[in-house]
Amino acid sequence: MNNQKELALWHQFVSNRDTSRLGDLIADDAVLHSPVVWTPQKGKKIVSIYLTAAASIIANDHFKYVREVSNNEHSILEFTTIIDGVTVEGVDMLTFDSEGKLKDIKVMVRPLKAIQVVHQKMGEFLERMKN
């Protein structure tokens, strides 16, 4: 398996913040490991909700990938962005299944101030989505 097509779809999602094609990208049994929530978020619906929030908050106009390491199944994408004046550095660790769908994503963020602002902004966004 070669994940280049799926990785290109991921990059398109991030750069355009286009959530309309998330259904094509995410596996039904996908799992998201948040940098601020200990419990893994399981299932296409909840992963889509978290990625929609991240597209709005983290993948803003300052967002850019600065390094990428991939093999056929896994991709590690290092990013940087600025949220409310706070520089955020992080890593998206993506795993694709045999059908090319995103089955696992783990997001790591640093430093502590960045984790705090991501936690605050994601929480506010997710709360608005509930209502």
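Predicted model only: the values in this text are computed from it and were never measured. For reference, positions follow the sequence shown, starting with 1.
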key: Path from Val107 to Ile83 over hydrophobic side-chain contacts below 4.5 Å   = yes

query = Any chain of hydrophobic side-chain contacts (each under 4.5 Å) joining Met93 to Leu32?
reply = no

key: Cluster overlap Phe79 with Leu9, hydrophobic side-chain contacts below 4.5 Å   = yes

ask   = Could you give all pairs that pass the side chain to side chain donor-acceptor pair (under 3.5 Å) test and reach residues 43-64, with sequence neighbours left out?
value = Arg17-Asp61, Asp28-Lys44, Asn60-Thr81

ask   = What are the two closest non-hydrogen atoms of Pro40 and Val31, and how far apart are they?
value = CB-CG1, 3.6 Å

query = Would you find a donor on one side and an acceptor on the other, under 3.5 Å apart, between the side chain of Glu68 and the backbone of Val66?
reply = no

Nearest-0.5 Å distance that lies between atom NE2 in His74 and atom CZ in Phe96 = 10.5 Å

ask   = What about Met129 and Ile58, same hydrophobic cluster or not, with Ile/Leu/Val/Met/Phe/Trp/Tyr joined at side-chain heavy-atom distances under 4.5 Å?
value = yes

task = Mind listing the closest non-hydrogen atom pair of Asp97 and Ala27 along with its distance?
result = OD2-CB, 3.7 Å

note = Here the pair of heavy atoms bringing Thr87 nearest to Pro111 is O-CD, 3.9 Å

ask   = Is atom CE of Met108 surrounded by more than 12 heavy atoms (other residues, nucleotides or ligands) closer than 6.0 Å?
value = no

For residues 112-126, tabulate all N or O donor-acceptor pairs below 3.5 Å that involve a side-chain atom, not counting sequence neighbours.
residue	atom	partner	partner atom	Å
Gln120	NE2	Glu124	OE2	3.1
Lys121	NZ	Asp84	OD2	3.0

ask   = Nearest 0.5 Å, what's the CZ-OG1 distance between Phe63 and Thr80?
value = 9.0 Å

inquiry  = How long is the straight-line distance from CG of Leu51 back to CD1 of Ile46, given to the nearest 0.5 Å?
reply    = 10.5 Å

query = So, does Lys101 use its side chain to make a donor-acceptor pair with the main chain of Asp24 at under 3.5 Å?
reply = yes

inquiry  = For Glu73 versus Asn71, what's the shortest heavy-atom pair and its separation?
reply    = N-OD1, 2.9 Å

key: Atom pair CD1 (Ile26) and CD1 (Ile105), whose distance is rounded to the nearest 0.5 Å   = 8.5 Å

inquiry  = Working to the nearest 0.5 angstrom, can you tell me the gap between Ile76 CD1 and Asp92 CG?
reply    = 10.5 Å

Where at least one partner belongs to residues 7-43, residue pairs that pass ring-ring contact (aromatic ring centres under 6.0 Å, His included), sequence neighbours excluded = Trp10-Phe13, His11-Tyr65

message = I need the Leu77 CG to Leu7 CG distance, nearest 0.5 Å.
response = 5.5 Å

